[in-house]
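Computed from a predicted model, the values in this text were never measured in an experiment. Convention: sequence-line order gives letters A, B, ...; per-chain numbering from 1. What you see below is based on every heavy atom in this structure, not just the backbone, and it leaves out hydrogens, waters and symmetry mates.
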Amino acid sequence: MPVTNINDLPTVYNASETEQKIYKFWEDNGFFKADSKSAKPPYSIVIPPPNVTGVLHMGHALDETLQDILVRYHRMSGYETLWVPGTDHAGLATQNVVEKQLAKEGLTRDDLGREKFLEKTWEWTNQHKSTILDQCKRLGASFDRSRERFTFDQGCSDAVKEVFVRLYEKGLIYKGAYIVNWCPRCQSAISDVETEYETEQGHLWEISYPVKGESGAIIVATTRPETIFGDVAIAVHPDDHKYSELVGKTVVIPLSGREIPIIADEYVDKSFGTGAVKITPAHDPNDFEVGKRHNFSPIWVIDEQGKMKACGEVPPEFHGLDRYEAREKILGMLSYKNFLLRTKDHEHNVGKCQRCGTTIEPLLSEQWFVKMKPLAQEAIKAVKDGRIKFIPDRWEKNYLGWMENIRDWCISRQIWWGHQIPAYYHKVTGEMVVAKENPDPQNYVQETDCLDTWFSSALWPFSTMGWPDTKSDDFKKFYPTTTLVTGFDIIFFWVARMITMGLEFTGKAPFSTVYIHGLIRDEKGQKMSKSKGNTIDPVVIIDKYGCDALRFTMTSLCTFGGQDIKISDERFEYGRNFANKIWNASRFVLMNLDGVDNNDIDFDKLTIADKWILDKLNSTAKEVNEDIQNYRIGETAHVLYDFFWNSYCDWYVEIAKIQLTDESVKLNTQRVLRYVLDMTLRLLHPIMPHITEQVWQLIPKQTDFKAIMLADFPIYKESLEFAAEAKEMELVFETIKSLRNVRQSFNISMAVNFNITIHAPKEEKAIFEAIESYIKRMAKVENISYSDELDFEVKKSATAVVSASKIVIPLENLIDFNEEIARQNKKLEKLTNERKSLEGRINNPKFVANAPADLINTTKARIEEINTQQTAISRLIGSLSS
RNA sequence: GGGCGUUUAGCUCAGCUGGUAGAGCGUCUCCCUUACAAGGAGAGGGUCGGGGGUUCAAGUCCCUCAACGCCCACCA
């Protein structure tokens, strides 16, 4: 750590120059490395692994910052702290990226074949794997890169196989033909949570199906006419009298001529449409259930590309047509042949692929599923009995609601990049074996499907700790992890599944607290997205304002309720300005330390101001600890901002300037300045790691710790509590403020010095004498005289009433006394209003009977105080007016 | 259809367990006072969405209405 000459420090903090240098210092010294053999209590977090294809965005910046704050706080608070970094192989996303690259060369993945394609994808992955974590370094993330993991690395893959086989053996994984959400573009099944519904303006078409052998027909309403060739029946409600005659009869599918029966099923809603529904088991989840109940074989008419199948049931002229083209053509022909009776506008929800936005095709196909109901039981219990706590707790409801209605999880994906399902089929008999390894490569071939990326993510908290080796040092020391930090958008995708798998395979909840933060939005409250072009690049912000500025601003915007956060470029000025304030205040302190190299404050020599700032520091430390422990991280930022800027800089440093000129207290003042700066930097370090480290390293002879990031985090100390003196300081503030107010009100330049007379009762006079120097310097007072006369005539003066005393500022030619009267009247009015409402309370017998004693006392005391001040001001006005 | 969230100063938002409202930015006045103009000092600004209730006391608890936003489910 190169130490700069203090006098050469620039007056404007140069964040970008400092930050990378500081990060390197930490990294080179291995300060982020956790020791699994340590005797300290563990604190661990696993990063929500960003996609390898990802580029750092504001969401990461927030998520990583919050984790880093928790990690740094606990590291400084005596925990052996591990933050595991890593990335997600992101099956489909990564495959798409590589396929796009191939497309540029005019190739498809099929041209390469599975093995070559995987080779290429690994190549791409290895090239990009560290990009996003390297970007996280710019965020100051203190994760342990020596433990970096990848959801598709050897260890994670072993864990996946182990879990898959065990679940299968327990009967919790099965393979079967069910309706799944099929994305025709991705060419794969996707799970329910990956399907997003959008309301679209569509149509409801009423189509007539002629009854066989009769002149009548049944009219069916549908939103998807292209599936008519897959119909296996028409269903009506059993109690629907309109149709009771028709049940059991046969109708003819228009255009194709295939014959199907009319059946009765409770699923049908009599009041919707025409009350008659076409049943297409291969292409609709509800129809599939109806079909099963009535023993119909499904008929596929749309293929995996979303095109009409070239099969016997589909008339040849439609073969190979895209589903939407087919729809138009079918409607045209139905209309031409008078089968289409009516077209109504109809608003309905259409499923879209979360990844690419393509309309989902519900498709009956053979897929692998995890039976979730039995697994969910323990996961529900763990949250209900408090083993896992959500912050804010309203997300528990959300989680439980989903878990209690959990549906089976479709885990197979028809892609190549991912964990290939460990099932093997006999080449001849087709017999299936589920095992970690191929039992006999000569005769068995592996299942071609891969697993949903979230399958491996679900194991992340324990697969990264060496599981299935439960004897590994990391697993023993750091599993279960402590806190999980993430956004609410992946509670179902990820959090719920980690809880489920963690409990099933380790018997322990994978973390005890789930800290859910809001999402980052643009200044209008819209979600940031590349397509909208409203994204803000964290790296650009860091270059412009600095990492600490970014962190501080974002942290200060975090609310306890976990609201979404709206940001714009300019908001980061807040953090930048604060960083600059820290820089300059620190510069002042360092320049005035004269090499004072310890924090050995002489408690017998403390001035009232010293005691006040120590007391304030102490209560700030107390609150910061409580706030972080309770995940009130935004509050932490506010408390520290207020303490550092308003208490330390605006008051204490100004007062210290006076004390430094007094040889009798100079050294002690330097020590207090130093101590408070040192402790405040530590308190700020989790939020603003770089600047605090840089400044801390410049404080003379910091020998106890190598870095602030390893220093002890300040906690509340009884020895630093000075309640009485802290209260006395209020008199200083009040006095100075009211004198400044007088100056400003009458437009008196700071260059003009006052003489003042303080009319004070005995007990207050002593305090004023003790703080005289502060008043003189900070309110630009030349000379102070005292009087014990409290009842006096005021002439040609402005007066400030402070506590029980009156301060008279003679201003003969400087002011307009009508203005002074007006000023005093305004004050009087304020006091009168306050008094009225307080008296209203105290005169209410019910208030006296019910309110706590100390509230009654303070109310009475306040009325008393107002009373004296009112009397004083009234007299002033009287004597000024005469 | 069910659930959740939001509504507080011109703007963006804080306000934990109920005790007469706070910050940042912006506005108005002064000031380049030897750490900082990314700064200092002072000032102005709110019937806390509407209505009702509980309480000595409500922005804070309960009910209700309204607007906006989100999540889940889903009728072809």
Side-chain angles (χ1 to χ4, degrees), chain A residues 9 11-13 197 204-205 220-224 227 235 267-269 271-280 284-287 290 346 348-349 392 394-395 397-398 401-402 405 488-489 491-492 518-519 523 525 527 545 549 553 556-568 570-571 573-592 626-627 630 632 634-635 638 641-642 646 649-650 653-654 657 736-737 740-745 747-751 777-780 833-834 837-838 840-841 844-852 855 858-859:
Chain A
L9 299 178
T11 57
V12 172
Y13 174 57
Y197 288 89
L204 194 58
W205 289 282
V220 168
T222 181
T223 54
R224 302 210 51 204
T227 63
Y267 152 71
V268 182
D269 177 356
S271 61
F272 188 88
T274 62
V277 196
K278 61 199 255 340
I279 301 298
T280 321
D284 182 281
N286 292 307
D287 293 6
V290 177
H346 179 63
H348 61 152
N349 292 332
R394 67 189 148 92
W395 293 111
K397 252 179 124 174
N398 181 272
W402 191 70
N405 297 296
F488 60 78
D489 52 334
I491 291 177
F492 301 153
L519 265 35
E523 52 201 316
K527 227 173 170 173
Y545 299 102
T553 300
S556 76
L557 295 173
C558 284
T559 65
F560 185 59
Q563 298 304 322
D564 287 353
I565 296 167
K566 283 195 252 182
I567 57 164
S568 61
E570 306 83 59
R571 295 205 83 157
E573 287 173 9
Y574 177 67
R576 181 203 57 183
N577 293 355
F578 186 46
N580 195 233
K581 189 72 181 178
I582 293 171
W583 182 248
N584 279 297
S586 302
R587 229 163 39 86
F588 170 80
V589 173
L590 293 170
M591 286 188 297
N592 285 280
E626 286 170 2
D627 284 340
N630 292 300
R632 312 174 65 85
E635 202 50 36
H638 298 147
Y641 182 94
D642 178 61
N646 300 326
C649 294
D650 288 349
V653 168
E654 291 308 316
K657 285 176 185 170
I736 292 169
K737 278 187 198 167
R740 283 170 174 172
N741 186 300
V742 167
R743 192 180 284 277
Q744 186 83 17
S745 300
N747 235 328
I748 299 160
S749 151
M750 286 299 279
R777 166 86 178 244
M778 297 175 79
K780 292 270 180 184
N833 286 339
E834 193 185 343
S837 109
L838 291 177
R841 283 186 182 192
N844 182 343
K846 285 185 175 172
F847 173 75
V848 181
N850 291 306
L855 181 67
T858 53
T859 307

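- Every residue was checked against the salt bridge (Lys or Arg N to Asp or Glu O under 4.0 Å) condition with A/K397, not counting sequence neighbours, and none meets it.
- Not one side-chain nitrogen or oxygen of A/H638 sits closer than 4.0 Å to the OP1 or OP2 atom of B/G24.
- Under the side-chain contact (heavy atoms from CB on, under 4.5 Å) criterion, A/T11 pairs with A/N584, A/R587, sequence neighbours left out.
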Pair A/Y574-A/L557, side chain to side chain contact (heavy atoms under 4.5 Å, CB included): steps then yes or no: CA-CA 11 Å; A/Y574 177 67; A/L557 295 173; over 6 Å; no

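- Rounded to whole angstrom, the span from the OH atom of A/Y574 across to the P atom of B/C25 amounts to 8 Å.
- Among the heavy atoms of the strands lying under 4.0 Å from A/R632 are primed sugar atoms or P, OP1, OP2 only; no base atom is included.
- In this structure, A/H346 atom NE2 and B/C74 atom C1' are separated by 10 Å, rounded to whole Å.
- Distance, A/Y197 OH to B/C74 P: 6 Å, rounded to whole Å.
- Base contact: A/P852 has a heavy atom under 4.0 Å from a base atom.
- Rounded to whole Å, atom C1' of B/U55 lies 13 Å from atom CZ of A/F847.
- Between B/A14, B/A76, B/A41, one nucleotide has an atom nearer to the side chain of A/E635 than all others, and that is B/A14.
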Intermediate values then yes/no, side chain to side chain contact (heavy atoms under 4.5 Å, CB included), A/E523 and A/K566: CA-CA 5 Å; A/E523 52 201 316; A/K566 283 195 252 182; 5.7 Å; no

Pull out every protein N or O sitting under 3.5 Å from an N or O of nucleotides 11-13 of chain B, one pair per line with the distance.
| from | atom 1 | to | atom 2 | distance (Å) |
| --- | --- | --- | --- | --- |
| B/U12 | O2' | A/R571 | NH1 | 2.6 |
| B/U12 | O2' | A/R571 | NH2 | 3.2 |
| B/C13 | OP1 | A/K566 | NZ | 3.4 |
| B/C13 | OP2 | A/K566 | NZ | 2.9 |

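- Computed from coordinates, the A/D489 CG to B/C72 P distance equals 11 Å when rounded to whole Å.
- Comparing the same atom, C1', in B/G26 and in B/G45 gives a spacing of 12 Å after rounding to whole Å.
- Comparing B/A67 with B/A14, their P atoms sit 23 Å apart, to the nearest whole Å.
- Qualifying side-chain hydrogen bond (donor to acceptor under 3.5 Å, both in side chains) partners for A/D642, counting only residues two or more places apart in sequence or in other chains: A/N646.
- Under the 6.0 Å cut-off for aromatic ring centres, A/H638 and A/F578 do not qualify, their centroids lying 6.0 Å or more apart.
- Nucleotides B/G3 and B/G59, compared at atom C1', are 25 Å apart to the nearest Å.
- At a threshold of 4.0 angstrom between heavy atoms, the contacts of A/L838 include nucleobase atoms, whether or not backbone atoms are also involved.
- Every salt bridge (Lys or Arg N to Asp or Glu O under 4.0 Å) that A/E834 has, sequence neighbours left out, goes to A/R862.
- For A/N747, there are no side-chain contact (heavy atoms from CB on, under 4.5 Å) partners at least two apart in sequence or on another chain.
- Every residue two or more places apart in sequence or in another chain was checked for a ring pair (Phe, Tyr, Trp, His ring centres under 6.0 Å) with A/F560, and none qualifies.
- Checking B/A76, B/A41, B/G19 against the side-chain heavy atoms of A/T223 singles out B/A76 as nearest.
- Comparing B/G5, B/G19, B/A41 against the side chain of A/Q744 picks out B/A41 as the nearest.
- Partners of A/Y13 according to the side-chain hydrogen bond (donor to acceptor under 3.5 Å, both in side chains) rule, which considers only residues two or more places apart in sequence or in another chain, do not exist here.
- Distance from the side chain of A/Y267 is smallest to B/A76 among B/C72, B/G24, B/A76.
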Secondary-structure notation, RNA chain B, from Watson-Crick and G-U pairs under 3.5 angstrom (| other strand): (((((((..((((........)))).(((((.......))))).....(((((.......))))))))))))....

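- Computed from coordinates, the A/D642 CG to B/A14 P distance equals 18 Å when rounded to whole Å.
- Note on A/K397: only backbone sugar-phosphate atoms sit closer than 4.0 angstrom, heavy atoms only; bases stay farther off.
- Toward the 5' end of RNA chain B, the nearer of the two residues A/F488 and A/V220, judged by each one's closest nucleotide, is A/F488.
- A search for side-chain hydrogen bond (donor to acceptor under 3.5 Å, both in side chains) contacts involving A/N741 returns A/S745, A/R823, not counting sequence neighbours.
- Per the geometry, CD1 belonging to A/I736 stands 16 Å off P belonging to B/G40, to the nearest Å.
- Summary of the strand contacts: A/V848 and A/N741 both lie near RNA chain B, and taking for each the nucleotide with the nearest heavy atom, the more 5' one is attributed to A/N741.
- Residues satisfying the side-chain hydrogen bond (donor to acceptor under 3.5 Å, both in side chains) criterion with A/E626, sequence neighbours excluded, are absent altogether.
- At a threshold of 4.0 angstrom between heavy atoms, the contacts of A/D269 include nucleobase atoms, whether or not backbone atoms are also involved.
- A 6.0 Å sphere centred on NZ of A/K527 holds no more than 12 heavy atoms belonging to other residues, nucleotides or ligands.
- In the set B/C4, B/A76, B/A41, B/A41 carries the atom at the smallest distance from any side-chain atom of A/R740.
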Counting primed atoms plus P, OP1 and OP2 as sugar-phosphate and everything else as base, spell out the protein contacts along nucleotides 31-39 of chain B at 4.0 Å heavy-atom distance: B, S or - for each nucleotide, 5' to 3'. ----BB-BS

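- Atom C1' of B/C48 sits at a distance of 16 Å from the matching atom of B/A23, rounded to the whole Å.
- One can place NZ of A/K846 at 18 Å from C1' of B/G19, the figure rounded to the nearest angstrom.
- Of the C1' atoms belonging to B/C13 and B/G46, the separation is 14 Å, rounded to the nearest Å.
- Only one option out of A/D284, A/D287, A/T227 pairs with A/K278 in a side-chain hydrogen bond (donor to acceptor under 3.5 Å, both in side chains); it is A/T227.
- Using a 4.0 Å heavy-atom criterion, one finds that A/N349 contacts the bases of the nucleic acid, with or without backbone contacts as well.
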